[in-house]
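What follows is a single structure, and I will ask about it in a moment.
The basis for the numbers below is simple: all heavy atoms, side chains too, and nothing from hydrogens, waters or symmetry mates. Naming convention: chains lettered A, B, ... in sequence-line order (proteins, then strands); numbering from 1 in each chain.
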Number of protein chains: 2
Amino acid sequence: MTKPNARAKPSHRVPKSEAGYHHGELQEALIAASEAILAEQGAEGFTLREAARRAGVSPAAPSHHFGNAQGLLTEVAIRGYEALAGALRDAASRRQGAREKLHAQGMAYVEFALKHPGRFQMMFANKRLVADDARLVQASRAAGHEFEIIIAELVGGTAKEAKTAAAAAWSTVHGFAKLALEGKFGPVRSEAGHREIMTTLNRVLNYLWPASSAPPSADRGLKAP
Amino acid sequence: MTKPNARAKPSHRVPKSEAGYHHGELQEALIAASEAILAEQGAEGFTLREAARRAGVSPAAPSHHFGNAQGLLTEVAIRGYEALAGALRDAASRRQGAREKLHAQGMAYVEFALKHPGRFQMMFANKRLVADDARLVQASRAAGHEFEIIIAELVGGTAKEAKTAAAAAWSTVHGFAKLALEGKFGPVRSEAGHREIMTTLNRVLNYLWPASSAPPSADRGLKAP
DNA sequence: ATGTATATCTTGACACTGTTCAGATTGCGG
DNA sequence: CCGCAATCTGAACAGTGTCAAGATATACAT
């Protein structure tokens with residue numbers, strides 16, 4: 001009636017047809033906007049309204065595609081797990097030998113966390129996701145599976161032993177990434193800090209998974225009893 | 001004028017003098033209320049207004065004591081770190097031998113996280129705290145120091161080596177705790193799930209820090225090259 | 001004891017947030 | 001070309017954290 005075509009004000013850009021009541025690719029636009037927010041503001045800075053704003057759409061629009069904020073973030077987390085799995089697979093494929101592959105995967109895991117802190121934190125913020133979503137669970141397991149593949153190569157013995165070793169490897173790199181992101185290992189935002197953290201991780205991995213040819217107890221400097 | 005003494009409605013209880021405009025122990029009451037919320041609802045469920053409500057006080061009252069919500073949560077986190085440091089110290093004191101002490105500390109760390117998930121998560125949610133608060137940083141370092149003490153006993157060699165080993169130990173147990181809380185190792189709320197997680201952790205610790213007398217590479221089942 | 005200063009708490013407001021619902025608009029299959 | 005389902009808007013609601021002004025209680029000096 002009074003204002004037939006007054007779009008709020010495209011804060012960044014409305015991606016497709018200019019004169020649209022219908023967006024056309026709103027799902028993708030919302031996911032991209034959410035990832036942008038996570039990259040700029042971190043996990044705590046995400047807001048459904050801000051995502052809608054960046055997609056050039058009303059605050060109620062996302063609900064028709066994702067139900068609620070958790071649904072949208074679940075989709076973002078799924079893609080995050082897929083990207084993480086890809087990074088792990090890629091890192092392993094570039095090395096030879098199980099220990100070198102595992103080592104590279106650990107570095108890639110933390111590298112991913114440091115490069116995409118917001119996405120990474122959100123991927124493990126179950127209360128903000130639809131934690132029992134089948135695709136999310138599947139994507140998370142697929143990422144963990146990348147570790148288990150290499151561990152199975154490295155470790156002989158029963159499946160239970162392999163599972164224990166995989167849990168150990170995942171826990172270590174995950175904990176290191178989390179602690180690094182919270183600044184427990186020094187500043188993380190500067191390039192210098194980033195490098196120092198990665199060399200610290202390198203030392204940690206060499207300590208926990210030493211070269212199998214050398215006697216590990218000597219490598220670790222354990223006191224002789 | 002119209003309502004001289006209309007207290008909102010003490011949702012749980014107002015701890016001290018009944019007819020008070022002045023609370024008397026508001027700081028402690030707010031901290032206790034916050035810890036209760038974290039215990040019941042988890043870190044995401046915390047709300048400054050709810051904490052004020054439980055303390056029987058207006059939403060603006062906390063600002064006079066803690067500045068803002070971050071200030072209150074910082075105080076809660078400090079006490080959390082102190083409790084964690086105490087648990088670690090206690091666990092180590094009950095064992096003999098560096099490896100046994102470290103093992104017990106790792107178990108105590110995860111036990112603490114599983115028993116107080118909300119507090120634990122909040123302690124590592126830097127964006128919700130005053131991350132550079134001197135007392136917070138000090139409390140966090142003191143907790144980490146409990147690990148370093150035992151690691152120094154276990155590991156000979158330079159200080160850098162000890163620091164690497166401490167980072168490795170902390171990362172492993174922290175990552176395990178975080179992943180466990182996000183359900184990656186199975187259900188955590190049931191008593192059975194809790195026990196199963198702790199036995200998994202036990203295996204992980206035995207895998208990464210095997211008994212020093214036995215050859216570690218054999219303990220881990222590494223394939224012979 | 002008395003008055004004044006300071007600490008403490010309330011009231012009311014503001015700008016946000018996520019979500020819901022009725023209605024407007026669009027595109028698509030018949 | 002028409003009806004229907006999908007899509008999006010507008011307005012509203014209950015909550016949130018925070019702030020400024022004012023009311024009240026305690027403490028302290030005289």
### Query
Taking only N and O in the side chain of B:His65, is any of them less than 4.0 Å away from OP1 or OP2 of C:dC9?
yes

### Query
Of all the choices, D:dT16, C:dT20, C:dT19, which nucleotide is nearest to the side chain of A:Asn68 once you look at every atom?
C:dT19

### Task
Check every atom of D:dT18, D:dC19, C:dC9 against the side chain of B:Ala60 and return the nucleotide holding the closest atom.
D:dC19

### Message
Just the rounded figure in Å: distance from C1' of D:dT18 to CD of B:Gln70.
### Response
12 Å

### Task
May I have the distance from A:Glu25 (atom CD) to D:dA6 (atom C1'), rounded to whole angstrom?
16 Å

## Note on the structure
In whole angstroms, the gap separating C1' of D:dA6 from CD of A:Gln27 amounts to 11 Å

### Message
Without decimals, in angstroms, what is the distance between A:Leu30 CG and D:dT7 C1'?
### Response
12 Å

### Message
By nearest atom, which of the nucleotides C:dT20, D:dT7, D:dG17 is closest to the A:His64 side chain?
### Response
D:dT7

### Task
Check the pair B:Lys178 / B:Glu182 against salt bridge (charged side-chain N to carboxylate O under 4.0 Å, His left out), numbers first and verdict last.
CA-CA 6 Å; B:Lys178 279 283 192 179; B:Glu182 300 299 340; 5.9 Å; no

#### Entry: Nucleotide C:dT17, atom C1' - distance to CD of A:Glu44 in whole Å
14 Å

### Query
Can you name the nearest heavy-atom pair linking B:Leu48 to B:Pro59, along with the distance?
CD2-O, 4.5 Å

### Query
To the nearest angstrom, how far is B:Lys127 atom NZ from D:dG17 atom P?
19 Å

### Task
Under 4.0 Å between any heavy atoms, over every strand shown, what does A:Ala69 touch: base, sugar-phosphate, or nothing? Just pick one.
sugar-phosphate

### Task
Apply side chain to side chain donor-acceptor pair (under 3.5 Å) to A:Thr172 and B:Thr172, showing your working.
CA-CA 4 Å; A:Thr172 300; B:Thr172 300; 2.8 Å; yes

### Query
A:Phe66 has an atom CZ; how far is it from atom P of C:dG18, in whole Å?
15 Å

### Nearest-neighbour nucleotide for the B:Arg49 side chain, D:dC8, D:dT18, C:dT17 considered
D:dT18

### Summary
Sorted by position of nearest nucleotide on DNA chain C, 5' first, the leading residue of B:Ala61 and A:Ser63 is B:Ala61

### Task
Begin from the C-alpha positions of B:Thr47 and B:Ile37 and carry the test side-chain contact (heavy atoms from CB on, under 4.5 Å) through to its verdict.
CA-CA 8 Å; B:Thr47 278; B:Ile37 296 172; 5.8 Å; no

#### Entry: Options D:dT9, D:dT18, C:dC9, nucleotide nearest the side-chain atoms of B:Leu48
D:dT18

### Message
Applying a 4.0 Å non-hydrogen cut-off, can you work out what A:Thr47 is touching in the nucleic acid: base, sugar-phosphate, or nothing?
### Response
sugar-phosphate

### Task
Establish, with yes or no, whether the OP1 or OP2 oxygen of D:dG15 is under 4.0 angstrom from a side-chain nitrogen or oxygen of B:Arg53.
no

### Query
Salt bridge or not for A:Arg79 and A:Glu82, using N-O below 4.0 Å?
no

### Query
B:Ser58 has a side chain; which of C:dT10, C:dT17, D:dT9 sits nearest to it?
C:dT10

